[in-house]
Chemist: 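What follows is a single structure, and I will ask about it in a moment.
Order of the sequence lines fixes the chain letters, A, B, ..., with proteins taken first and strands second; residue numbering starts at 1 for each chain.
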Protein chains: 2
Amino acid sequence: MGNGRAVTLRDVAARAGVSVQTVSNALNAPQRLQADTLATVTAAIRELGYQPNRSARSLRTSSARLIGYCVARRADGVANPMMDQFLHALTAAAEDEGRHVLLFTAPAGAEAMTPYADLIAQRAVDAFVLSDTVPHDPRHRWLTEHGARFASFGRVWHEQEQPGPWVDVDGAAGCAEAVRHLHSLGHKRIAFLGLPPDGGAVQDRQHGWQAACGQLGLPTEGLLVHCADDTVRHGRDAALRLLDGAEPPTALVAASDVVAFGALHCGRPLAVVGFDDTPLAALVPPGLSSVRQPVAEVARTLINLLDDDHERGVLLRPELVVRASSRTTVRES
Amino acid sequence: MGNGRAVTLRDVAARAGVSVQTVSNALNAPQRLQADTLATVTAAIRELGYQPNRSARSLRTSSARLIGYCVARRADGVANPMMDQFLHALTAAAEDEGRHVLLFTAPAGAEAMTPYADLIAQRAVDAFVLSDTVPHDPRHRWLTEHGARFASFGRVWHEQEQPGPWVDVDGAAGCAEAVRHLHSLGHKRIAFLGLPPDGGAVQDRQHGWQAACGQLGLPTEGLLVHCADDTVRHGRDAALRLLDGAEPPTALVAASDVVAFGALHCGRPLAVVGFDDTPLAALVPPGLSSVRQPVAEVARTLINLLDDDHERGVLLRPELVVRASSRTTVRES
DNA sequence: CTGAAAGCGCTTACAG
DNA sequence: CTGAAAGCGCTTACAG
């Protein structure tokens with residue numbers, strides 16, 4: 001790879017007429033060198049295009065400067081479209097700290113932790129970033145017990161105390177903001193379109209809706225419905241059930257963009273706000289208002305958490321992106 | 001990371017009562033050892049849970065066993081949803097060969113190759129896998145000229161000869177199959193919904209449609225339309241333009257799922273086949289038939305190409321996934 | 001078939 | 001402020 005032999009510290013030292021140690025210092029502790037020595041060495045480094053060999057540096061410092069990230073299996077094709085953006089953000093955030101992301105996969109079931117154990121044993125990574133947390137996710141506890149560094153995007157809601165540092169997006173705050181937005185447009189009956197419990201995130205969003213409605217004096221009775229599955233069809237059917245009720249809503253906050261699309265295309269006038277601001281939210285007419293997770297900030301925070309031994313958890317505020325789906329005229333009821 | 005000091009070759013050698021060299025041989029050249037020696041050493045390895053330190057091994061063998069992959073920037077949010085699946089497939093394929101994927105980002109413009117150059121200089125990766133190729137993509141030529149190993153998912157259509165090994169999906173074959181499928185259902189006027197030229201892939205798909213129609217004796221005149229952008233709205237508008245023409249189509253093959261959705265929801269009966277089989281194709285009622293790229297096979301082939309100095313390019317056949325969107329009844333015209 | 005030795009390219013105490 | 005030396009953990013010719 002690359003043409004010919006790589007440039008080493010030795011080559012630079014010879015060129016600059018100093019010892020290898022001085023070249024190393026120029027790179028890692030420049031304040032130790034005299035200005036003119038530093039200038040000579042720096043020039044030689046630039047001329048030769050020298051960059052330290054990563055393996056050698058890692059071996060010596062016993063830090064790989066690599067962060068392990070397990071790519072969830074998408075066998076069913078039902079990807080979390082946000083994960084795409086997250087991975088880009090995570091890579092960029094890691095690079096800002098001179099690191100890279102190493103991808104790996106994990107089998108389901110009892111062997112799920114094996115790849116983590118292997119990567120640790122081989123000293124292939126310094127830390128892990130976790131996401132796609134599932135109910136009763138065993139990873140956080142396992143990693144804590146094995147003394148591994150990690151930071152989690154998402155909480156493990158079932159534990160008494162969340163093991164290890166985490167970053168999460170305040171779903172309750174996001175849905176509360178969605179409710180206030182719809183209320184400010186004149187809506188008085190705002191429904192919530194839920195999903196099967198997924199460990200806590202969905203309930204969290206629902207609580208935000210409930211609390212905001214309570215604060216604004218809006219009803220919630222008969223306005224809560226759950227979709228059996230996160231599909232467009234289930235979203236549509238659930239919305240129709242609400243609309244066919246005695247006191248139908250004029251607006252709706254959904255726990256995901258996918259079910260929000262179903263509600264939006266149910267054929268009746270209904271203001272809709274989704275959750276996640278997936279790429280399609282902007283692409284599908286008339287444009288779906290949605291609660292956007294601040295992925296770049298999540299990524300930066302995760303990387304920072306890896307070096308922070310004190311911080312336990314950080315809750316980030318999502319942002320409501322308003323599009324045409326929530327701007328339908330309110331009918332007088 | 002991990003509890004306490006890592007287990008080294010020395011520890012295993014001490015435990016097994018042999019030299020470190022013998023332990024190394026047990027791992028890398030077991031046929032050199034006598035059966036009983038091998039058994040002793042293997043037992044010691046298992047008991048201590050030994051795994052070779054990656055940095056040390058990489059330094060010694062000058063191979064990082066890491067494959068660099070640049071995550072495209074998704075600033076506009078218009079991700080390629082297939083890339084998600086691809087990344088998982090690539091990671092899995094790399095692992096099957098004892099490697100991992102290292103993610104990095106690249107700036108736009110003149111500095112686009114800098115991260116590649118850095119990774120090479122640092123010996124951080126052994127090879128690159130390229131995807132998201134763009135018109136006049138400079139990467140293939142640059143990497144070839146710099147003697148770097150790589151394999152590309154997608155061709156650079158503008159070059160005389162594609163620099164370096166590549167894998168691509170036969171878009172023409174996919175669209176031809178879509179046409180034959182629609183024809184077998186009785187459709188006689190099958191349109192093509194194109195996109196702005198993107199370097200060649202879109203034209204390739206269009207040619208497949210054209211050729212298949214020709215072979216089946218079907219008309220193409222007035223049945224080709226291009227969307228200005230890859231959005232649902234543009235897809236719908238373009239479909240309506242076709243349907244409002246003198247001799248409207250009864251079916252349509254689209255260059256992407258997104259514009260296919262627009263055509264499918266244009267409010268008129270129209271059989272539709274999309275391209276890419278994005279996750280939403282299955283989720284959005286009534287279900288969108290779509291040409292699926294064989295991402296797992298693409299990934300495997302790319303990894304194999306990295307070790308193959310002879311193979312130049314591999315063209316893989318996509319698979320038509322039939323759902324309800326292409327099964328509408330044909331009206332007699 | 002097995003062992004002692006060299007060396008991959010770095011960094012870091014330790015002398016001068 | 002600078003240099004000679006040791007050593008991170010492995011693999012690979014080279015002897016025995």
Side-chain angles (χ1 to χ4, degrees), chain A residues 1-2 4-42 44-45 48-66 98 119-124 126, chain B residues 1-2 4-42 44-45 48-66 98 119-124 126:
Chain A
M1 189 79 171
R5 195 173 65 76
V7 178
T8 75
L9 218 42
R10 250 178 137 111
D11 301 322
V12 179
R15 173 86 160 221
V18 297
S19 72
V20 292
Q21 136 91 326
T22 300
V23 181
S24 181
N25 278 338
L27 255 20
N28 302 312
Q31 75 285 359
R32 288 197 199 157
L33 302 197
Q34 265 178 305
D36 58 338
T37 315
L38 183 57
T40 312
V41 175
T42 306
I45 288 173
L48 294 173
Y50 171 72
Q51 300 209 44
N53 179 302
R54 285 226 179 203
S55 300
R57 178 174 264 189
S58 293
L59 174 58
R60 186 56 237 241
T61 62
S62 53
S63 98
R65 310 242 49 145
L66 249 27
L119 257 9
I120 292 172
Q122 296 165 195
R123 298 300 203 249
D126 304 324
Chain B
M1 195 69 180
R5 196 173 64 76
V7 179
T8 76
L9 218 42
R10 249 179 136 112
D11 301 322
V12 179
R15 173 85 161 221
V18 296
S19 72
V20 292
Q21 136 90 327
T22 299
V23 181
S24 181
N25 278 338
L27 255 20
N28 302 312
Q31 75 286 357
R32 289 198 200 157
L33 301 197
Q34 265 179 304
D36 57 339
T37 314
L38 182 57
T40 312
V41 175
T42 305
I45 288 173
L48 295 173
Y50 170 72
Q51 301 210 42
N53 179 303
R54 284 226 179 204
S55 301
R57 179 173 264 189
S58 293
L59 175 58
R60 186 56 237 243
T61 62
S62 51
S63 97
R65 309 243 49 144
L66 249 25
L119 257 9
I120 292 171
Q122 296 164 197
R123 297 301 202 249
D126 304 325

Chemist: Any strand is fair game: report the nucleotide pairing with C:dA4 by Watson-Crick or G-U wobble, both distances under 3.5 Å, or none.
Modeler: none
Chemist: Taking all non-hydrogen atoms of both residues, which atom of A:Arg15 and which atom of A:Leu48 are closest, and how far apart?
Modeler: NH1-CD2, 3.7 Å
Chemist: Answer yes or no: is there a side-chain heavy-atom contact under 4.5 Å between B:Leu66 and A:Arg54?
Modeler: no
Chemist: Heavy-atom distance under 4.5 Å between the side chains of A:Val41 and A:Val18, does that happen here?
Modeler: yes
Chemist: Using the rule side chain to side chain contact (heavy atoms under 4.5 Å, CB included), only one of A:Val7, A:Val20, A:Thr22 pairs with A:Val12; which is it?
Modeler: A:Val7
Chemist: Please identify which of these residues, B:Ser62, B:Ser63, B:Ser58, meets the side chain to side chain contact (heavy atoms under 4.5 Å, CB included) condition with B:Asp126.
Modeler: B:Ser63
Chemist: Which pair of non-hydrogen atoms, one from B:Thr8 and one from B:Tyr50, has the smallest distance, and what is that distance?
Modeler: C-CE1, 3.6 Å
Chemist: Please classify the nucleic acid contact of A:Ser58 as base, sugar-phosphate, or nothing, using heavy-atom distances under 4.0 Å.
Modeler: nothing
Chemist: Give one of base, sugar-phosphate or nothing for B:Gln122, where a contact means two heavy atoms less than 4.0 Å apart.
Modeler: nothing
Chemist: Sugar-phosphate means primed atoms, P, OP1 and OP2; the rest is base. With that split, encode nucleotides 5-11 of chain C 5' to 3' as B, S or - using protein heavy atoms under 4.0 Å.
Modeler: -BBBBBB
Chemist: Just call it for B:Thr22: base, sugar-phosphate, or nothing, with non-hydrogen atoms closer than 4.0 Å on any strand.
Modeler: sugar-phosphate
Chemist: With a 3.5 angstrom cut-off on both distances, give the Watson-Crick or G-U wobble partner of C:dA13, or none if there isn't one.
Modeler: none
